[in-house]
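Read through the structure below, which is laid out as structure tokens, and then see the notes.
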There are 2 protein chains.
Amino acid sequence: MARRSDHTRAELREMIIGEGHRQMEEVGFARFSAREVAKRIGYSIGTLYNVFGSYDHLILAINGRTLDLWLAYLERRLADVKGDRLHAAVDAYFRFALDHRHAWTALFDFRLAEGEAPPEDYAVKLTAIVDAVERELAGELPPEHSDKAPALTRSLLATVHGHCFFALNGTFELLGEDAPLAAALDRVRDALDRYRQKRE
Amino acid sequence: MARRSDHTRAELREMIIGEGHRQMEEVGFARFSAREVAKRIGYSIGTLYNVFGSYDHLILAINGRTLDLWLAYLERRLADVKGDRLHAAVDAYFRFALDHRHAWTALFDFRLAEGEAPPEDYAVKLTAIVDAVERELAGELPPEHSDKAPALTRSLLATVHGHCFFALNGTFELLGEDAPLAAALDRVRDALDRYRQKRE
DNA sequence: TTTATTTATTGAACACCGATCAATTTTGTG
DNA sequence: CACAAAATTGATCGGTGTTCAATAAATAAA
């Protein structure tokens, strides 16, 4: 039986999120089980509820961890890119999703109760990712159009997301699309052309 | 107790799908229950399994119904549009999703077991929607580029999907995007510009 | 140290879920 | 009517999220 001196509250939280995230990566959102997480870290199911309050908050914490990893991955990939930065950014989006498909998919499988807003820290993590992409995009935009960066970032994130989602869920395979990343990158370039000198 | 002469097998299937779809619209994928469907149509849970074989096949049948309704809606909306057909198409995509958010979301919440392909008739329904969009898009493409229509259709469906998904799941609200439809339409136009005479 | 109080942890109990399948009922047939 | 075939049932199983009185452990007070 776990004694409370074995772990501080913060350590326990970390254990649960860590094992929860591992579980999520392994079995995916549909087969995820809070009981199983409790069993694996040697605590009872009741303790998980004491720490997180509800199943939904546990999932949010695990998804938050995924966002942390995603941001770290994006920044790492963008830090040491030599050539085409836009390609690198889209490629990083796709590659993270492919390498962590269950955890990545869980970000969008989970939905809050109608009308409820995500916790503050979750929103912060998501905004951090969007900001990283916006910085990247701003570099591709002529100075006179830099005010378009925020809206364009949101729109292009949605664009890339759509392609990535269809690539992972089988829709593209069903429709015979075999180069989703290239297609997404084309759409990003098309959008940027709107604000750049025309193709010659 | 329901007697089999009361309904043919096909009628029973129809009852289950109809009530199942109604349930899906009301409570969404996460709270959907096959038992509840059985109860509401006055049959036992066992009968549902005899008819559909598994929970997954029931969901596929219900999602197939959603695809039917979606296609019908798209065609109806495109049939009597006077002005901007592109706007009408994107608007129809968004509006159906908004008007049937639970059923529409369920299309993407459900995932087949790893490596399994969707049933033939489900693939056919999906292809029918894609084809309808492709016909629309082909009309916007210069004849010399009509060979690009299939790939461009897949890519723009993903693009619009991404925007619609973020609009429904709260991501856009979180990021301060208040005109997702307009953004999606911009991206569609940007992509078409690649194959048209440049803006003046 | 011993006692009292606060905090952490437990796990049985509850109400559900998808899934199974032997038993039953209903239907069709000879 | 009797019999075979088909349809329907629902108790049963193993699992889920959730609750919360009871217990154990840690801390504070005496």
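Throughout, protein chains are lettered first and strands after them, A, B, ... in sequence-line order, and every chain is numbered starting at 1.
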* Parallel, tilted or perpendicular: which describes the rings of H161(A) and F166(B), with under 30° parallel and over 60° perpendicular? -> tilted
* Give I59(B) one of three labels, base, sugar-phosphate or nothing, depending on what nucleic acid heavy atoms sit under 4.0 Å from its own. => nothing
* L48(A) near the nucleic acid: base, sugar-phosphate alone, or nothing, with a heavy-atom cut-off under 4.0 Å? -> nothing
* Minimal non-hydrogen separation, I62(B) against M24(B), with atom names -> CG2-CB, 4.1 Å
* Asked: How about H145(B) and Y195(B): are their ring centroids closer than 6.0 Å?
  -> yes
* Please state how far atom CZ in R9(B) lies from atom P in dA5(D), giving the value in whole angstrom units. => 18 Å
* To do: Take the protein atom NZ of K39(B) and the nucleotide atom C1' of dT9(D), then report the distance between them rounded to whole Å.
  => 16 Å
* Asked: Got a sec, which residues hit side chain to side chain contact (heavy atoms under 4.5 Å, CB included) with R31(B), two or more places apart in sequence or on another chain?
  -> V27(B)
* **Same apolar cluster (I L V M F W Y, side chains within < 4.5 Å links), Y73(B)/L98(B)** => yes
* Which residue, I45(B) or N50(A), contacts DNA chain D at a nucleotide closer to its 5' end, judged by nearest heavy atom? -> I45(B)
* Structure fact -> Checking dT18(D), dT8(D), dT9(C) against the side chain of Y49(A) (C-beta onward), the nearest is dT18(D)
Restricting to nitrogen or oxygen on both sides, can you table the protein-nucleotides 15-17 of chain C pairs closer than 3.5 Å?
{"from": "dC17(C)", "atom 1": "OP1", "to": "S33(B)", "atom 2": "OG", "distance (Å)": "2.9"}

* Asked: Taking OP1 and OP2 of dT9(D), is either one under 4.0 Å from a side-chain nitrogen or oxygen of S44(B)?
  -> yes
* Are R22(A) and E25(A) ion-paired here, with the side-chain N under 4.0 Å from a carboxylate O? -> no
